[in-house]
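This report concerns only the one structure given below.
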There are 2 protein chains.
Amino acid sequence: MTSATRTLRARRLEAAALELFTVRGFDAVTVDDLAAAGGVGRRTFFRYFPTKLDVVLGQLDDALAGLVSALAAVPDTVDPTSAARRAFLQVNAYSPDDEPVLRRRLTLIETVPEVGARASVRYEGWERALAADAAARWGCAPGELRPQVFARVVVAAMRGAFTVWLAAPDAELEPLVVAAFDDLARGFG
Amino acid sequence: MTSATRTLRARRLEAAALELFTVRGFDAVTVDDLAAAGGVGRRTFFRYFPTKLDVVLGQLDDALAGLVSALAAVPDTVDPTSAARRAFLQVNAYSPDDEPVLRRRLTLIETVPEVGARASVRYEGWERALAADAAARWGCAPGELRPQVFARVVVAAMRGAFTVWLAAPDAELEPLVVAAFDDLARGFG
DNA sequence: CGCTAACTGGCACTCGGTGCCATTCACACT
DNA sequence: AGTGTGAATGGCACCGAGTGCCAGTTAGCG
């Protein structure tokens, strides 16, 4: 099978799943339903997605790769917060067409606790990347307190911006992310 | 059954579970094992803990109650960050006897992704409490960006401190929490 | 056309979690 | 002490997620 066919099927599976989840509720949809909706066997479904939860999170890993390269592209002289801000704005940019899907995804992440939990696990990769980047810019070890706290805090801020964005139907994501980073840079003291 | 007996059993179950988890690994221990180790039936185990995951997290909800009351005890005039710092120091205080158990818990939280995910879900209560408190102090709505970001960021900072503490066998937790809050208050800009 | 390697999907199994229900146990009241 | 009542227990059957195994199919290539 060509990899094109593969990603095509994955997309179809994903779209069908998102539809079913939002209509019937996450828990009321079984994996058999998802497989049937995507026209594949149950066993095959699990070859496309490791978990029922992961169907919701789809593109998150690609985004991680994007984050890493975006961070690498920012000159060393820029401070970690600004670097992270730039990278995040780049990674979180979405075309207007994708907004409804993005809102669905994030709604599920916020609504279904298990999915949110799974998202947290996925974001750990982001945190590692951010800690490594910040450590390099500050000239310290990634395991030290400052980069560790920084990495977690940055992801948390982004997710906070997501939450607010979701609650406001007409809001733009970008200014919220910018504002969240401003708060972070300024400090809460 | 008296509630004393109940919590006693819960403790025994918890202790046995923590032991088994650290020795054999989380996944290699079944709920039947846990129930047997605690001298109860499998069905009863699930009356004490909603989930296998939750055995690890035990006291976290009590801590939430402690956080809420600690926050309420801080005068209105204190800014949110300082208030949160005070509350966290109070809630995270542990007697030296408890340290080994605490380390085990946190190790499992960091090591086993599912457990970490579950912890994130549990911390959402903390975030709601923090957002409400911060909003009250700032005189804004809890749903606004600033309190939302603040709440998540504070919990993230604390968890960052936990991570660093875990990695350093001889470290004290308290100064790490203080340092994390200092970073937060000062800002990362 | 035929070979090989990868993809598929059915089957059976394990394990976490839940509803149901008969039994047992703790406690209070007489 | 004796008894009744309500809660706690734990066995049983069931569901759904996830996995190993394997036979059948399909796609790509010489």
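A, B, ... follow the sequence lines: proteins, then strands. Residue 1 opens every chain. From a predicted model like this one, the values you see are computed outputs, not experimental measurements.
- B:T44 has a side-chain polar atom (N or O) that falls below the 4.0 Å cut-off from OP1 or OP2 of D:dG10.
- Annotation: ring pair (Phe, Tyr, Trp, His ring centres under 6.0 Å) contacts involving residues 96-121 of chain B, sequence neighbours excluded, are absent.
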Can you list, pair by pair, the side-chain donor-acceptor contacts under 3.5 Å of residues 122-131 of chain B, counting residues two or more places apart and other chains?
| from | atom 1 | to | atom 2 | distance (Å) |
| --- | --- | --- | --- | --- |
| B:R122 | NE | B:D54 | OD1 | 3.1 |
| B:R122 | NH1 | B:D61 | OD1 | 3.3 |
| B:R122 | NH2 | B:D54 | OD1 | 2.9 |

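- The salt bridge (Lys or Arg N to Asp or Glu O under 4.0 Å) analysis of residues 157-177 of chain A, with sequence neighbours excluded, yields no pairs.
- Annotation: side-chain hydrogen bond (donor to acceptor under 3.5 Å, both in side chains) contacts of B:R12 (sequence neighbours excluded): none.
- For the helix from C:dC1-D:dG30 to C:dT30-D:dA1, the angle separating the two terminal helix axes comes to 10°, with each axis derived from five pairs and the value rounded to 10°.
- A salt bridge is defined here as a Lys NZ or Arg NE, NH1 or NH2 lying under 4.0 Å from an Asp or Glu carboxylate O, and A:E114 with A:R118 fails to meet this definition.
- Applying the salt bridge (Lys or Arg N to Asp or Glu O under 4.0 Å) test to pairs two or more places apart or on separate chains, those with a residue in residues 84-94 of chain A are A:R85-A:D182.
- Summarising the hydrophobic clusters (Ile, Leu, Val, Met, Phe, Trp, Tyr; side-chain heavy atoms under 4.5 Å, direct or chained), the residues clustered with B:V121 are none.
- Using a 3.5 Å distance cut-off with no hydrogens or angles, the side chains of B:R9 and B:T44 do not pair a donor with an acceptor.
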Considering only nitrogen or oxygen atoms on both sides, find all protein atoms under 3.5 Å from nucleotides 18-22 of chain D and state each distance.
| from | atom 1 | to | atom 2 | distance (Å) |
| --- | --- | --- | --- | --- |
| D:dG18 | OP2 | A:K52 | N | 2.8 |
| D:dG18 | N7 | A:R42 | NH2 | 2.3 |
| D:dG18 | O6 | A:R42 | NH2 | 3.3 |
| D:dG20 | N7 | A:R43 | NH1 | 2.7 |
| D:dG20 | O6 | A:R43 | NH1 | 3.1 |
| D:dC21 | N4 | A:R43 | NH1 | 2.8 |

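- Between the P atom of C:dT14 and the CG atom of B:D32 lies a distance of 12 Å, rounded to the nearest Å.
- Taking atom CG of residue B:D27 and atom C1' of nucleotide D:dA17, one finds them 14 Å apart after rounding to whole Å.
- In this view, B:R104 and B:E19 satisfy the salt bridge (Lys or Arg N to Asp or Glu O under 4.0 Å) rule, not counting sequence neighbours.
- Atom pair A:L20:CG and D:dG16:P shows a separation of 15 Å (rounding to whole Å applied).
- Atom CZ of B:R9 is separated from atom P of C:dA26 by 10 Å (rounded to the nearest Å).
- For residues 57-79 of chain B, no residue pair satisfies the ring pair (Phe, Tyr, Trp, His ring centres under 6.0 Å) rule, not counting sequence neighbours.
- Within residues 114-123 of chain B, no residue has a heavy atom under 4.0 Å from DNA chain D.
- Hydrophobic side-chain contacts under 4.5 Å tie B:V78 into a cluster, directly or through other members, with B:V74.
- For B:Y48 and D:dA8, the shortest distance from a side-chain N or O to OP1 or OP2 is not below 4.0 Å.
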